[in-house]
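As a basis for the values below, the full set of heavy atoms in this structure was taken, side chains included, without hydrogen atoms, waters or symmetry mates.
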Amino acid sequence: QVQLVESGGGLVQPGGSLRLSCAASLFTWDYYVIGWFRQAPGKEREAVSCISNSDDSTYYPESLKGRFTIARDNDKNTVYLHMNIVKPEDTAVYYCAASLLPCARLRRGVDAELWSWGQGTQVTVSS
């Protein structure tokens with residue numbers, strides 16, 4: 001059974017940085033890609049980043065390339081999302097999720113049924 005726990009959310013000022021963590025309890029950690037997603041009030045859930053289980057290749061939507069970085073620590077079964085130069089529009093609940101399908105699948109959009117989800121952590125960007 002896949003269990004994911006996010007942490008690290010909170011209030012951050014515009015232009016600041018934040019690191020989110022996703023701790024996983026997976027019997028077969030090496031089989032899963034891990035993605036970060038976010039959902040703001042009144043908006044659809046969108047993919048923020050994804051990291052492969054095989055070669056640590058990554059996926060980012062064009063709008064977030066350069067500000068967000070995903071990293072995977074296989075010794076700790078943990079994936080991190082480094083958020084830099086945050087903006088008020090980054091305010092959302094951030095979720096990590098695991099899937100047996102490749103990160104490239106996200107180019108078609110987010111199909112929630114194909115992912116196992118954590119409970120989410122709130123990120124608020126405000127002065």
Side-chain angles (χ1 to χ4, degrees):
Q1 183 178 357
V2 174
Q3 292 184 337
L4 301 167
V5 178
E6 302 94 335
S7 61
L11 177 63
V12 59
Q13 292 188 342
S17 299
L18 200 64
R19 188 185 77 167
L20 305 182
S21 300
C22 172
S25 300
L26 299 171
F27 179 70
T28 49
W29 165 260
D30 291 344
Y31 291 178
Y32 289 82
V33 304
I34 304 295
W36 280 99
F37 303 79
R38 67 185 183 185
Q39 188 165 20
K43 294 187 177 181
E44 293 186 354
R45 191 168 298 190
E46 62 174 341
V48 171
S49 185
C50 184
I51 188 164
S52 170
N53 55 320
S54 58
D55 59 2
D56 283 350
S57 59
T58 57
Y59 163 84
Y60 302 93
E62 286 295 325
S63 60
L64 294 176
K65 283 184 178 179
R67 292 200 300 122
F68 289 10
T69 302
I70 191 170
R72 183 174 181 135
D73 186 337
N74 291 326
D75 291 336
K76 297 181 179 179
N77 282 15
T78 300
V79 171
Y80 304 98
L81 182 69
H82 300 266
M83 304 169 61
N84 298 311
I85 317 175
V86 295
K87 304 175 182 180
E89 51 264 43
D90 294 324
T91 295
V93 178
Y94 283 71
Y95 300 89
C96 69
S99 178
L100 295 172
L101 296 177
C103 291
R105 182 66 178 260
L106 289 172
R107 295 192 180 97
R108 305 182 191 178
V110 179
D111 188 339
E113 294 182 353
L114 300 178
W115 296 81
S116 298
W117 298 90
Q119 83 289 349
T121 185
Q122 176 70 46
V123 172
T124 302
V125 182
S126 175
S127 56

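Linking Ile, Leu, Val, Met, Phe, Trp and Tyr whenever their side-chain heavy atoms come within less than 4.5 Å puts Tyr31 and Leu4 in one cluster. In the hydrophobic clustering of ILVMFWY residues, with side-chain heavy atoms under 4.5 Å counting as a link, Trp36 and Tyr80 come out apart. At a threshold of 4.5 Å between side-chain heavy atoms, the hydrophobic network of Ile, Leu, Val, Met, Phe, Trp and Tyr places Phe68 and Val93 in two separate groups. There is a path of hydrophobic side-chain contacts, each under 4.5 Å, that joins Trp29 to Leu81. Hydrophobic cluster membership differs between Ile85 and Leu64, with clusters built from Ile, Leu, Val, Met, Phe, Trp and Tyr side chains linked at under 4.5 angstrom.
Looking only at side-chain heavy atoms (C-beta outward), Arg38 and Asp90 come within less than 4.5 Å of each other. Cys96 is not listed as a side-chain neighbour of Val79, based on a closest heavy-atom distance of 4.5 Å or more. Proximity of Leu11 to Ser126: side-chain heavy atoms (C-beta onward) are separated by under 4.5 Å at one or more points. In this structure, Val125 and Met83 have side chains that are not in contact, with every pair of non-hydrogen atoms separated by 4.5 Å or more. In this structure, the side chains of Tyr60 and Arg67 stay at 4.5 Å or more apart for every pair of heavy atoms.
Of the possible donor and acceptor atoms, none in the side chain of Ser127 sits under 3.5 Å from a partner among the backbone N and O of Gln13. Although no hydrogens or angles enter the test, the distance criterion places a donor-acceptor pair under 3.5 Å between the side chain of Trp117 and the main chain of Ala112. For Glu6 (side chain) and Gln119 (main-chain N/O), a donor-acceptor pair under 3.5 Å exists by modelled atom type. Judged by distance alone, with hydrogens and angles left aside, the side-chain atoms of Ser99 form a donor-acceptor pair with the main-chain N or O of Leu114 at under 3.5 Å. Using modelled atom types, one side-chain atom of Asn53 and one backbone atom of Asp30 make a donor-acceptor pair closer than 3.5 Å.
Distance check: Asn84 CG to Arg19 CZ gives 12.0 Å after rounding to the nearest 0.5 Å.
Each of Ile70, Ile34, Val33 was scored for a side chain to side chain contact (heavy atoms under 4.5 Å, CB included) with Cys103, with one residue passing: Val33. In summary, of the residues considered (Trp115, Tyr59, Tyr95, Tyr94), a ring-ring contact (aromatic ring centres under 6.0 Å, His included) with Phe37 occurs for Trp115 alone.
Judged by distance alone, the side chains of Ser52 and Ser54 do bring a donor and an acceptor atom under 3.5 Å apart.
Within 6.0 Å of CD on Glu89 lie more than 12 heavy atoms contributed by other residues, nucleotides or ligands.
Counting all heavy atoms, side chain and backbone alike, Thr78 lies closest to Ala23 at OG1-CA, 4.1 Å. What you find for Glu62 and Lys65 is that their closest heavy atoms are OE2-NZ, 2.9 Å. Minimum interatomic distance between Ala40 and Ala92 (heavy atoms only, all atoms of both residues): N-CB, 3.8 Å.
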